[in-house]
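Structure record follows, encoded as C-alpha cells.
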Amino acid sequence: MSHTPSPGIITPKLKANTIVNMIKKGIRSSGRGLTDYRPIDVVVGYVQNADGSALVRLGNTVVVAGVKLEVGSPYPDTPNEGALIVNAEFMPAASPTFEPGPPDENAIELARVIDRALRELKAIDMSKLAIVPGRRVWIIYVDIYVLDHDGNLVDASSIATLSALLNTTLPKVEVDESGNVRVEKNIRMSPLPINHKVVTVTVAKVENVLFIDPDLDEEGVIETKLVIAVSDDSRIAGIQKSGSGGLTEAEILAALDIALKTGVSLIKTIESRVLEPTLGLSTNTLGQ
Amino acid sequence: MSHTPSPGIITPKLKANTIVNMIKKGIRSSGRGLTDYRPIDVVVGYVQNADGSALVRLGNTVVVAGVKLEVGSPYPDTPNEGALIVNAEFMPAASPTFEPGPPDENAIELARVIDRALRELKAIDMSKLAIVPGRRVWIIYVDIYVLDHDGNLVDASSIATLSALLNTTLPKVEVDESGNVRVEKNIRMSPLPINHKVVTVTVAKVENVLFIDPDLDEEGVIETKLVIAVSDDSRIAGIQKSGSGGLTEAEILAALDIALKTGVSLIKTIESRVLEPTLGLSTNTLGQ
Amino acid sequence: MSHTPSPGIITPKLKANTIVNMIKKGIRSSGRGLTDYRPIDVVVGYVQNADGSALVRLGNTVVVAGVKLEVGSPYPDTPNEGALIVNAEFMPAASPTFEPGPPDENAIELARVIDRALRELKAIDMSKLAIVPGRRVWIIYVDIYVLDHDGNLVDASSIATLSALLNTTLPKVEVDESGNVRVEKNIRMSPLPINHKVVTVTVAKVENVLFIDPDLDEEGVIETKLVIAVSDDSRIAGIQKSGSGGLTEAEILAALDIALKTGVSLIKTIESRVLEPTLGLSTNTLGQ
Amino acid sequence: MEKPRLIREDGLRHDGRRPDELRPVRISIGVLNKASGSALVEYGGTKVLAAVHGPREISQRHILLPDRAIIRCRYHMLSFSTHERKSPAPSRREIELSKVVRESLEPVVISEVFPRTAIDVFVEVINADGGTRTAAVTAASLALADAGIPMRDLVVAIAVGKVSGTLVLDIDEAEDMYGEADMPVAVAPSIGLITLLQLNGVLSREEFSEALKLALKGASQIYEKSREALRDRYMKVKVEE
Amino acid sequence: MEKPRLIREDGLRHDGRRPDELRPVRISIGVLNKASGSALVEYGGTKVLAAVHGPREISQRHILLPDRAIIRCRYHMLSFSTHERKSPAPSRREIELSKVVRESLEPVVISEVFPRTAIDVFVEVINADGGTRTAAVTAASLALADAGIPMRDLVVAIAVGKVSGTLVLDIDEAEDMYGEADMPVAVAPSIGLITLLQLNGVLSREEFSEALKLALKGASQIYEKSREALRDRYMKVKVEE
Amino acid sequence: MEKPRLIREDGLRHDGRRPDELRPVRISIGVLNKASGSALVEYGGTKVLAAVHGPREISQRHILLPDRAIIRCRYHMLSFSTHERKSPAPSRREIELSKVVRESLEPVVISEVFPRTAIDVFVEVINADGGTRTAAVTAASLALADAGIPMRDLVVAIAVGKVSGTLVLDIDEAEDMYGEADMPVAVAPSIGLITLLQLNGVLSREEFSEALKLALKGASQIYEKSREALRDRYMKVKVEE
C-alpha cells in the first residue's frame with residue numbers, strides 16, 4: 001500500500017520560508033538560476049566488473065549505475081531481440097531516512113520511469129542483441145544505486161544510466177554447433193548499439209514558480225514535480241507527475257518547454273563527459 | 001503460527017444476547033428459519049477476461065470467482081490429467097478487519113476445503129484435460145475473491161466456485177508436429193467436463209442449537225461450525241470443523257443430516273441460475 | 001542487518017560471577033575440567049524417512065541432523081560431481097528466546113561453518129556422486145535442527161552432521177537409455193563415500209581462560225569463542241571467531257592446540273558410537 | 001491478441017468509435033455493504049471497484065501525521081482480470097500505480113479535518129481492457145465522496161493515446177498494446193488542477209498539447225456522468241430514508 | 001512408494017493389522033529441558049514432538065486478549081520427515097494444520113486463568129508415516145499438561161480411513177495415499193466433545209457414522225495410554241524429588 | 001575466469017607481487033555528505049564504501065540496550081560488483097559477513113557512551129576482486145572514526161591465502177578461487193586484539209601460525225596507511241575551518 005509519506009528530515013519553517021521567497025525572486029542557493037543544474041561530474045568505467053558503469057555527482061547527490069550483460073532467453077513476443085531490466089535502490093548510506101530492504105515505491109517508480117523512456121524511444125537497438133535468434137539474446141541489466149541523497153534523484157539516475165550505457169561494450173561470444181553460447185568477457189567487440197540518447201529533466205513547482213534540479217532542501221518545500229524524459233532529437237519520451245500536488249494546463253506546457261530546452265543541452269554535456277578522456281577526476285574517490 | 005483470533009468488530013453484548021435468544025427460539029433476523037439460506041444471486045460470465053466466472057451474493061456477502069485455463073506440465077504422478085489450483089483472498093474492501101497481503105490462515109483453509117471437495121469427488125473430469133498426453137495439460141486456476149463480508153464466506157465461495165466452473169469453456173488448441181501448443185482464446189470448443197457438482201453447507205452451533213448460513217452478527221456468537229461438502233448424489237465429499245469450540249457426536253450427525261438435505265437442493269438452485277438466462281440482474285453492478 | 005544481540009535469558013549477576021570464578025579455578029559444574037566435553041549420546045537412524053540421520057545429545061543440548069539425497073543437476077563448474085547443501089534451524093521448541101521463521105544469522109553462520117569444513121576438506125568424495133556425468137548427480141541435503149538449547153550448538157550440530165553422514169546410504173538408481181533416472185529408495189547399495197571425518201571444537205574465552213563445550217549458563221559469561229574444525233588427520237579444516245570480543249595471538253594458538261587434541265579423540269568417539277550397535281539407547285525418546 | 005487495424009479507412013477506430021469518443025461509461029455508487037464508501041466504474045470492458053475504509057485509527061501509528069489524515073491506497077488486479085493470469089504477488093507496476101493513484105487524490109481530499117487517522121482506498125481491477133488506472137481514479141474519487149470524506153472537487157481520469165499516428169480518446173487494450181503512446185490524465189475540473197499525468201510513449205511538443213486538450217475534453221464528460229451518479233445516489237438514499 | 005494390496009485376502013491390512021487395530025503407540029513426556037512442557041508421540045512410524053512455552057508475555061502485544069490467554073500453534077515438518085524432501089518455507093498445508101490443531105486444543109485449555117499472555121505450542125513432525133496431525137494433537141495436549149496448563153480434559157486424536165472399501169483405524173501413509181478417505185478426529189473423551197473433525201474423501205451417511213464410532217473407539221485407547229504416560233511421568237518426578 | 005599460474009617460476013605471484021606484498025591500498029575518508037561518517041577503501045581492484053549513521057534513535061526500540069549503543073551492520077554487494085551479476089536478495093554469505101564484520105568492530109567501539117541508541121554501519125561492495133570483507137572492516141572502522149564515535153583503537157583487516165603451497169598476503173579473486181586457503185584477519189594493533197579470524201581451507205598447525213604472523217605484518221601496514229589518511233582528513237578539515 002502506498003501511503004502519504006511523513007516529511008523526512010523536516011526543513012525548519014524559517015529556512016523553508018526563505019527558500020520559497022528566494023525561488024519566487026528567481027534566486028537559489030549558490031546563486032544558480034531557476035533553470036540551472038548544479039555542477040555535474042561523470043566518471044565512466046568506475047566499476048571494473050561491470051560491462052559499463054558510471055559514477056555521477058549532481059551537486060552533492062551521488063549515484064552509481066552499472067550495466068551487466070547476461071545471456072538469456074528472449075521474451076516470447078520479441079524472439080529476436082535483447083531485453084532490458086532496470087532496477088534502482090536507495091542505499092541506506094545515502095540518507096538517514098533510507099532503510100535497508102527491497103526497493104520502496106519511490107525507487108520502483110524511478111526505475112520504471114527511466115526504463116519506459118529507454119524502451120519507448122527504442123534508445124537501445126535491441127534487434128542487434130540476439131545471439132542465437134529465437135533462443136539466446138543479451139539481457140541488459142541496468143542497476144542504479146543512490147549513494148548520497150541531496151535531491152533530484154531521478155535526473156541524477158537518468159544521467160548515470162545514459163553514461164553507463166554509453167560506456168558499455170559487448171563481449172565476444174562464440175556459439176557452438178549445438179547452440180551453446182560461450183562468453184569471453186575479456187575480449188570486447190563493440191559498444192552497445194544506441195539509437196537515441198535520453199535524459200529526464202525534473203521540473204519542480206512551488207507557489208506557481210517552476211524550476212529545475214531541486215536539491216534536498218528545495219524538495220522539502222515543493223508541491224509537486226513533473227519528470228519529463230527528453231530525447232536527443234527534442235521529443236518527449238515520457239512524463240511522470242510525481243508528488244502530492246497538481247498543476248494547471250499552462251504550468252504543464254511551460255514545464256515542457258523548460259525541459260525540452262534543458263534536456264537537449266544536458267545530453268550534449270553528458271556525451272562530451274563520456275567520450276572525452278576524464279580530466280582531473282580520480283576514480284579513487286566518489287568523483288569529488 | 002496460528003493464534004487465537006481477536007474478536008473482529010465486537011457485537012455488543014445486548015445484541016449478542018438477543019441473537020442467541022432468538023436462535024434458541026428458531027427465529028432469525030429477516031424472519032428466516034434455522035435451515036434457510038439468505039437470498040442467493042448468481043451472475044455468471046461477470047468477468048470477460050476469465051475463462052469462466054461468477055459473481056455471487058448471499059445476503060450481503062459478495063464473492064467473485066474466476067477460472068483461468070493455462071497450458072502447463074502435468075504432475076509426474078498423473079501425466080495424462082489436468083491439474084486444479086484453488087486460491088482464495090479476502091479483499092480489504094470486504095471488511096474493515098481484513099488487511100491487504102497474502103492470504104491468511106482463514107483464506108487458505110477456505111480454499112483448501114473447496115479444493116479437496118472438488119478433488120476427492122473427481123468433480124472435474126481431469127482425464128479429458130490432457131492436451132499432449134504426458135507433456136502438456138490444462139491447469140485450472142480457480143481464484144476466489146471475497147468482496148463484501150457479511151458472514152458464511154465458505155458457502156458463498158463454494159457457490160461461486162461451482163457457478164464459475166459451470167460457466168467455463170475450453171478454448172480451441174492446436175498442437176504442431178513438434179508438440180508446441182497454440183491456444184485460440186477467441187474460439188470456444190466445449191464446456192469444462194464436469195462429473196459431479198458439489199457445494200458446502202456450513203452448519204453453525206450456539207448453545208446446542210444448529211443452524212445454517214450464519215451472517216456476520218451470528219458468526220460473532222457461534223461456538224463452532226461444521227463445513228460439510230455435499231455432492232449432487234447425496235454423498236459427503238468433505239468435512240471441516242472450524243472454530244474454537246467442539247461438538248458432540250449427536251450434534252455432528254444432526255448437522256450432517258441438515259447439510260445433506262440442504263446441499264442437494266442448493267445445487268439444483270445453482271444449476272438453474274447458471275443455465276437459465278439471467279433475469280433482472282445487471283452485470284453493471286455487484287449483482288444487486 | 002546484523003545487530004548487537006540482547007542478552008537472552010540473563011544469567012543473574014551473582015551466578016555469573018560464580019561461574020567465572022570457578023572457571024578461573026579450572027572447575028565447572030558437574031565437576032568437569034576445562035577441556036572436557038559433557039556426556040555425548042548418538043542415536044543414528046533416528047529418522048526413518050531420511051537417507052541418513054542422527055539424534056545427538058551433548059549434555060542437555062539436543063540436535064537432530066538428517067540427510068536427504070535427491071537427483072539434481074550438477075553445478076556448471078563441477079559437472080561430474082555431486083553437490084552439498086547444509087541448512088540449520090533453531091527450533092522455537094529449543095528455547096523460549098527462539099522465534100519461528102527463517103534461519104537467523106546465527107543459524108546461517110552455524111550451517112556455513114559446518115558446510116565449509118566438509119567442503120574444504122573434501123570430506124565427501126563428490127566425484128563418486130555423478131549418476132549421469134554432466135547431467136544428473138546426487139544432491140546431498142544436510143538439515144540440522146536444534147531441538148533443545150543448552151549451549152554449544154555448533155559442536156553438537158557438527159557431531160550430528162558427521163554421524164548422519166556416516167549413517168547415510170546411497171539408494172539403487174537405474175538410468176534408462178534416454179538418460180532418465182529412477183531411484184529405488186528401498187534398495188540400499190553402499191554407504192556415502194567419505195574421505196575424511198571432521199568435527200568442530202568450540203573454544204570459549206572468559207578473562208583470558210580458555211575452555212571447551214560451554215553450556216548455556218557459561219555462554220552467558222564468555223567474551224568470545226573460536227570454532228575450530230579439526231580433521232581426522234589432525235589438520236585445521238576451518239576457523240570462525242564468533243562473538244563480540246577479541247583474542248590475542250597467543251590465545252588463538254593455545255586454542256588451536258586444545259582443539260586439535262580434543263577433536264581427533266572426539267572423532268574416534270563418534271565413529272565408535274555410529275558403527276557399534278546402540279547400547280541402552282531407545283529411539284523412542286530424544287536419546288535420553 | 002492479434003494486432004487489429006487500429007484506424008480504419010473511414011477514419012474510425014477498430015471498435016467503430018470516433019477518435020474523440022469515449023467507450024460507454026457506467027457508474028454505480030455504494031455497491032458494498034461493509035466499506036465506508038464504494039463505487040464500481042466501467043469504461044467499456046474495463047471494470048474497476050474502489051472501496052474506502054475510514055477515516056480510522058490504525059495499528060501502524062508511526063506512519064500517522066499530527067496535522068492531517070494520511071491516505072493509503074492499493075491498486076490491485078484480480079488474477080483473472082487480465083489475458084494472462086496475473087500472479088498474486090504485488091507487481092512493480094501495481095506498486096507504482098498505487099502511488100500514482102494516491103497522488104492523484106491527495107490534492108482534493110481535505111485531509112486536515114481528520115488528523116492522526118488513515119483514509120484507506122482499495123482499488124480492485126475486476127476486468128482489464130485498457131484504462132484501468134484512469135477508471136481507478138474515477139472510482140476512488142467517487143468512493144471517497146460516498147464515504148462522506150470532504151473534498152475540494154471530484155477527480156476524474158481518462159487516457160489519450162496515439163495509434164497509427166492519430167490521437168484518440170480513451171484507448172482500450174488493443175490500442176494500448178499496438179499504439180505508439182498512452183497518456184493517462186486525471187483532473188479536478190472545477191479547481192483546474194491536473195493531478196495525474198503520465199506519458200508512456202513518444203510525442204512531439206505539438207502532439208502533446210493536442211493530446212492534453214483531448215484528455216481534458218474527455219474528462220469533462222466523465223465528470224458530468226460522475227456528478228449525475230452521485231446525485232442519483234444521494235436522492236435514492238434520501239428517498240429511502 | 002508403490003501401491004501395496006491394502007486389504008489382504010485374510011481381511012487383514014497390508015501391515016498385518018486388523019481393520020480396528022492401532023499401530024504401536026509410544027508416548028514420552030517431558031523430553032525437553034528448556035520448554036515449559038513437552039511430549040514425543042509415536043503412532044507406528046510417525047514421530048511427532050510437541051513443546052509448550054508459556055503462559056508468557058510476548059512482544060506482539062496487540063494480539064493478546066484482556067480476558068484470557070491466547071494459544072499460538074505451529075505445526076511444522078522437518079525437511080527430512082517426508083519421502084520427498086520438504087522445502088523449508090511454510091506450506092499451505094502446514095498453515096491450515098496449525099489452525100486445525102490449535103482449534104482442537106482451544107476447547108480444553110482453561111485460558112481464562114492467564115489473561116494477557118500467550119501459550120505457545122510448537123509441533124515438529126520428525127518422521128511422517130500417516131496420521132501426523134492426530135499424533136500432533138495428542139502430543140500437544142500432553143505437552144500442555146506437562147507444562148502445568150490447567151485443562152478441562154486431555155484431547156487425543158486418531159484417524160479413520162476407508163481403504164479398498166473397508167473402514168480402518170489409524171491409517172498409515174500407504175493407506176492414506178492409496179485409500180478412498182482419511183478422517184482425522186480429535187476428542188476430549190471425559191467431556192464428550194469432538195474438537196477436530198476433517199473428512200478428506202467421499203463417504204455415504206452410513207459410512208460416516210460407522211467411521212466416527214471407530215475413531216472414538218481408537219481414541220479411547222489412546223486416551224488410556226496418554227493418562228498412563230502422565231501418571232508415570234508425575235510419579236517419576238515425585239520419586240526424583 | 002581461467003586459472004592463472006598462481007606462483008611463477010621466479011617465485012612471484014600471478015600479478016607480479018612478492019608473497020608478502022600488499023596490493024596498492026587507497027583510502028578516502030569523508031566521501032559522503034549525508035552520512036555521519038564514511039570511507040572508501042580500495043585493495044587493488046576491490047573497492048568498498050562504508051557509511052555510518054548515528055548514534056541515533058531508531059523505531060525498533062525493543063532491540064536497543066539500556067547500558068550501551070548497539071551496532072547494526074549490513075555488508076552488501078552491488079549487483080554489478082561481481083563477475084556474475086549478484087541477485088538483489090540478501091545472500092546467506094552477506095548475512096554471515098554482516099555478523100562477522102559487526103563482531104570485528106564490537107571490541108573497539110566505546111558503546112557505553114551512547115546508551116539506548118544505534119550506530120549503523122552500511123558497507124557497500126562496489127567492485128569485488130578478493131578481500132571484500134577485510135576492506136569492509138577497514139572502511140567501517142575509518143567511517144566510525146570519521147563519524148566521531150569514540151574507539152579504543154582502529155581495526156584493520158587483511159587476508160592471507162595459501163596458493164600453490166605458498167602462503168601469500170592479500171589474496172585477490174583469482175588466488176582465492178584457485179588457491180587452497182583463505183584466512184581473513186582483523187586486528188586492533190595497539191590493543192593487541194584479533195577481532196576477526198576465519199579460515200576457509202585446510203592448514204597444518206605450523207602453516208597456521210606462519211599465516212597469522214603474515215596477516216599481522218600486512219595489517220600493520222594497513223594500520224599505518226589508515227592513520228595517515230585520518231590525519232590528512234583532520235588536517236584538511238582544520239585548514240578548511
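So that the names make sense, note that chain A is the first sequence line, chain B the second, and so on, each numbered from 1.
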*Atom group of B:Glu184 that falls short of 4.5 Å from chain D, counting heavy atoms*: neither
*State yes or no: are the ring centers of B:Tyr145 and D:Phe80 separated by less than 6.0 Å?*
yes
*So with a 6.0 Å cut-off around NZ of B:Lys185, is the heavy-atom count from everything else above 12?*
yes
_Can you tell me which of D:Pro90, D:Gly45, D:Ala50, D:Ser81 forms the most heavy-atom pairs within a distance under 4.5 Å of chain B?_
D:Ser81
_Residues of residues 97-117 of chain D with any heavy atom under 4.5 Å of a heavy atom in chain B_ = none
*Could you tell me which portion of D:Thr82 (side chain, backbone, both or neither) has an atom closer than 4.5 angstrom to a non-hydrogen atom of chain B?*
backbone
_Selection from D:Ser79, D:Ala35, D:Ala51, D:Ala89 maximising heavy-atom pairs under 4.5 Å formed with chain B_ = D:Ser79
_Which portion of B:Gln48 sits near chain D, non-hydrogen atoms under 4.5 angstrom_ = both
_Inter-chain contacts: residues 127-150 of chain D against chain B, heavy atoms under 4.5 Å_ = D:Asn127, D:Ala128
*Where does B:Ala94 contact chain D at under 4.5 Å (heavy atoms): side chain, backbone, both or neither?*
backbone
*Looking at D:Leu49, D:Ile126, D:Leu78, D:Val52, which one has more heavy-atom pairs under 4.5 Å with chain B than the rest?*
D:Leu78
*More than 12 non-hydrogen atoms from neighbouring residues, nucleotides or ligands closer than 6.0 Å to CG on B:Asn186, yes or no?*
no
_Considering all heavy atoms, the nearest B:Pro100-D:Arg74 contact_ = CB-NH1, 3.8 Å
_Please report the interatomic distance CG(B:Asp148) to CG(D:Leu32), rounded to the nearest 0.5 Å._
4.5 Å
*What heavy-atom pair brings D:Arg85 and B:Glu70 nearest, and what distance separates the two atoms?*
CB-OE2, 3.0 Å
*Check ring pair (Phe, Tyr, Trp, His ring centres under 6.0 Å) between D:His76 and all other residues, then give those that pass, not counting sequence neighbours.*
none
_chain D contact residues among residues 154-171 of chain B, heavy-atom distance under 4.5 Å_ = none
*Give the minimum heavy-atom separation between B:Tyr46 and D:Lys47, together with the two atoms involved.*
O-NZ, 3.1 Å
*For the student: nearest non-hydrogen atoms of B:Ser95 and D:Lys34, plus distance*: CA-CB, 4.3 Å
*Approximate separation, where rounding is to 0.5 Å, of D:His83 NE2 and B:Asn49 CG*: 4.5 Å
_What part of B:Val62 gets within 4.5 angstrom of chain D, counting heavy atoms only: side chain, backbone, both, or neither?_
neither
